[in-house]
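Everything numeric here is computed off the predicted structure, so don't read it as measured data.
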Amino acid sequence: MKSRPNQNNDVGPAIKFGLAGLVTGAVLMLAFLKAGNINGQSQLIALSSTHKKVVDISSATSIQQAAILHYATSKVTPQQTLDQINVSHTVLRTLAPCNFLVFGLGYDSLMWAAFNPGGTTLFLEEHEQWVQKVLKIAPSLHAKTVSYRTHLHEADELLSSYKSEPQCLPNNAYLKGNKKCRLALDTLPEEVYEREWDVIMIDAPMGYFKEAPGRMSAIYSAAVMARARTGVGSTHVFVHDADRKVEKSFAREFLCSKYLVGGSGRLWHFEIPHGSENDGGNSFC
């Protein structure tokens, strides 16, 4: 099965091949299913290079069971490593059911949705044909097509000039209808603006060639959403491919190094307090 349009080194929803489907599915899903006693209940033997575990799937939700079935019978694997997945899963396990916004859609999306049983998990993807292809495989996923008005080759200019636009500044920033700030995602589905997102995963859009949208506006908009939060608690933001120049520089500028609380490899984890706890002025950090 083909993946979304070729991303080369872009590690959003791209797909790797080579691991056996059963081992892959079991390893990915064992983290959030509790070990069960063998009393006639449905069981799954989970194998990895370091351990063997029997897990009870009889109490799993329908989407969790669908995820187990999908990965146990598939030869495609999520692009993130097991260690990286565990970083996000640890947070989702604590917060679920929660509001989980994911920039990107791929064969790993069913896994992310399964990590948030009973919550709202929304995927944002720029390619309509890819959305339809993934939804044929996993129709229970909630995904929307979105557009971006930036290009990767503009990243340096956008980073150096955003402070000259008042509606980009933290004290004035907003997203819906914000035409003046090019970093603001101003035409997202209404659902995105109506909810406060507890967890945001940035693994898209494409960002490996100069005409690609890049993840500048996704990172900026995640920062705006986090600062606008009025509910209790912080917003957890995960940025994948944080080893790349654009992701790294925009994450440091808008999500702030002081809020970087963890990660693994190319995945960074930020925990951002709501706006009243942020510093004022023209700086997000």
Query raised in the report: Checking side chain to side chain donor-acceptor pair (under 3.5 Å) for the pair Tyr174/Gln167: CA distance, chi angles, key distance, verdict?
Result: CA-CA 7 Å; Tyr174 62 98; Gln167 291 188 2; 3.1 Å; yes
Query raised in the report: Between Pro205 and Pro213, which heavy-atom pair has the shortest distance, and what is it?
Result: CG-CB, 3.7 Å
Report task. Start with the C-alpha gap between Asp186 and Lys176, add the side-chain angles, then the distance that decides, and say whether salt bridge (charged side-chain N to carboxylate O under 4.0 Å, His left out) holds. Result -> CA-CA 4 Å; Asp186 62 322; Lys176 182 179 179 181; over 6 Å; no
Query raised in the report: So do the side chains of Trp197 and Cys98 get within less than 4.5 Å of each other, counting heavy atoms only?
Result: no
**Report entry** Those residues that, when tested against Arg182, pass side chain to side chain donor-acceptor pair (under 3.5 Å) (two or more places apart)
**Finding:** Glu154
Report task. Taking the side chain as every heavy atom from C-beta outward, state whether Lys248 and Trp268 have any atom pair closer than 4.5 Å. Result -> yes
**Report entry** Rounded distance [0.5 Å steps], SG in Cys256 versus CD1 in Ile272
**Finding:** 6.5 Å
Query - Tyr220 vs Phe284, ring-ring contact (aromatic ring centres under 6.0 Å, His included): CA-CA, chis, key distance, verdict - result: CA-CA 10 Å; Tyr220 172 85; Phe284 279 77; 5.6 Å; yes
**Report entry** Derivation of the side chain to side chain donor-acceptor pair (under 3.5 Å) call for Glu191 and His142
**Finding:** CA-CA 11 Å; Glu191 180 180 358; His142 185 26; 2.7 Å; yes
Report task. Please collect all disulfide (SG to SG under 2.5 Å) contacts where either partner lies in residues 123-157, sequence neighbours excluded, each pair once. Result -> none
Requested in this report: Nearest 0.5 Å please: distance from the CH2 atom of Trp112 over to the CE atom of Met201.
Outcome: 4.0 Å
Query raised in the report: Quick one: disulfide bond (SG atoms under 2.5 Å apart) partners of Cys168, sequence neighbours excluded?
Result: Cys181
Query raised in the report: Got a second to check how far Ser234's OG is from His274's NE2, nearest 0.5 Å?
Result: 7.5 Å
Query raised in the report: Quick one: are Val102 and Asp203 in side-chain contact, heavy atoms under 4.5 Å?
Result: no
Report task. Check Leu183 against Leu158 and note the closest heavy-atom contact, atom names and distance. Result -> CD2-CD1, 4.1 Å
Query raised in the report: Is any side-chain heavy atom of Ile200 less than 4.5 Å from a side-chain heavy atom of Thr235?
Result: yes
Report summary line: Sequence neighbours excluded, the answer for ring-ring contact (aromatic ring centres under 6.0 Å, His included) partners of Phe123 is none
Query - Side chain Asp198, main chain Leu95, donor-acceptor under 3.5 Å - result: no
**Report entry** Atom of Ala218, atom of Leu185 and distance for their closest heavy-atom approach
**Finding:** CA-CD1, 4.1 Å
Requested in this report: State, with a plain yes or no, whether a side-chain heavy atom of Leu122 is found less than 4.5 Å away from one of Lys144.
Outcome: yes
Query raised in the report: Does Tyr107 have its ring centroid less than 6.0 Å away from the ring centroid of Trp130?
Result: yes
Query raised in the report: Backbone N or O of Thr230 within a donor-acceptor pair of the Glu196 side chain at under 3.5 Å?
Result: yes
Query raised in the report: Of all residues at least two apart in sequence or in a different chain, which pass the side chain to side chain contact (heavy atoms under 4.5 Å, CB included) check with Gln84?
Result: Gln80, Thr81, His240, Ser264, Arg266, Leu267
Query raised in the report: Does the side chain of Tyr259 come within less than 4.5 Å of Val237's, by heavy atoms?
Result: no
**Report entry** salt bridge (charged side-chain N to carboxylate O under 4.0 Å, His left out) partners for Glu271, two or more places apart
**Finding:** none
Report task. Check whether the ring centres of Phe254 and Phe270 lie less than 6.0 Å apart, and answer yes or no. Result -> no
Report summary line: Residues passing the salt bridge (charged side-chain N to carboxylate O under 4.0 Å, His left out) test with Asp156, sequence neighbours excluded, are Lys245
Requested in this report: Check Ala204 against Glu126 and note the closest heavy-atom contact, atom names and distance.
Outcome: CB-OE1, 4.5 Å
Query raised in the report: Parallel under 30°, tilted from 30 to 60°, perpendicular over 60°: which one fits the rings of Phe238 and His269?
Result: parallel
**Report entry** Listed partners of Lys210 passing side chain to side chain donor-acceptor pair (under 3.5 Å), at least two apart
**Finding:** none
Query - By salt bridge (charged side-chain N to carboxylate O under 4.0 Å, His left out) - contacts of Glu194 (at least two apart) - result: none
**Report entry** Distance in Å, Ser249 OG paired with Met216 CE, rounded so as to fall on 0.5 Å steps
**Finding:** 9.5 Å
**Report entry** Student check: side-chain heavy atoms of Val261 and His236 closer than 4.5 Å
**Finding:** no
Query raised in the report: Do the side chains of Leu101 and Leu124 get nearer than 4.5 Å, heavy atoms only?
Result: yes
Query raised in the report: Is a side-chain N or O of Lys163 found less than 3.5 angstrom from the main chain of Leu169, in a donor-acceptor match?
Result: no
Requested in this report: Give a yes or no on whether the backbone of Glu157 and the side-chain of Ser161 come within a donor-acceptor separation of less than 3.5 Å.
Outcome: yes
Report summary line: Lys136 meets the salt bridge (charged side-chain N to carboxylate O under 4.0 Å, His left out) criterion, sequence neighbours left out, with none
**Report entry** Basic-acidic side-chain contact under 4.0 Å: Arg215, Glu247
**Finding:** yes
Query raised in the report: Which heavy-atom pair separates Leu175 from Tyr193 by the least distance, and what is that distance?
Result: CB-CE2, 3.7 Å
Query raised in the report: Between Leu110 and Ala138, which heavy-atom pair has the shortest distance, and what is it?
Result: CD1-CB, 4.3 Å
Query raised in the report: Hey, mind stepping through Arg195 and Thr120 against side-chain contact (heavy atoms from CB on, under 4.5 Å) and telling me if it holds?
Result: CA-CA 10 Å; Arg195 293 182 182 272; Thr120 296; 3.5 Å; yes
Query - Under 3.5 Å donor-acceptor, Arg93 side chain and Ala96 backbone - result: no
Report summary line: So OG of Ser217 and CZ of Arg149: to nearest 0.5 Å the spacing works out to 8.5 Å
**Report entry** Residues in side chain to side chain donor-acceptor pair (under 3.5 Å) contact with Ser221, at least two apart in sequence or another chain
**Finding:** none
Query raised in the report: When rounded to the nearest 0.5 angstrom, what is the spacing between CG in Leu141 and CG in Leu105?
Result: 6.5 Å
Requested in this report: Kindly determine whether Leu159 and Glu253 satisfy side-chain contact (heavy atoms from CB on, under 4.5 Å), including the steps that lead there.
Outcome: CA-CA 8 Å; Leu159 191 60; Glu253 179 74 16; 3.6 Å; yes
Report task. For Gln129, check side chain to side chain donor-acceptor pair (under 3.5 Å) against everything at least two apart and list the hits. Result -> none
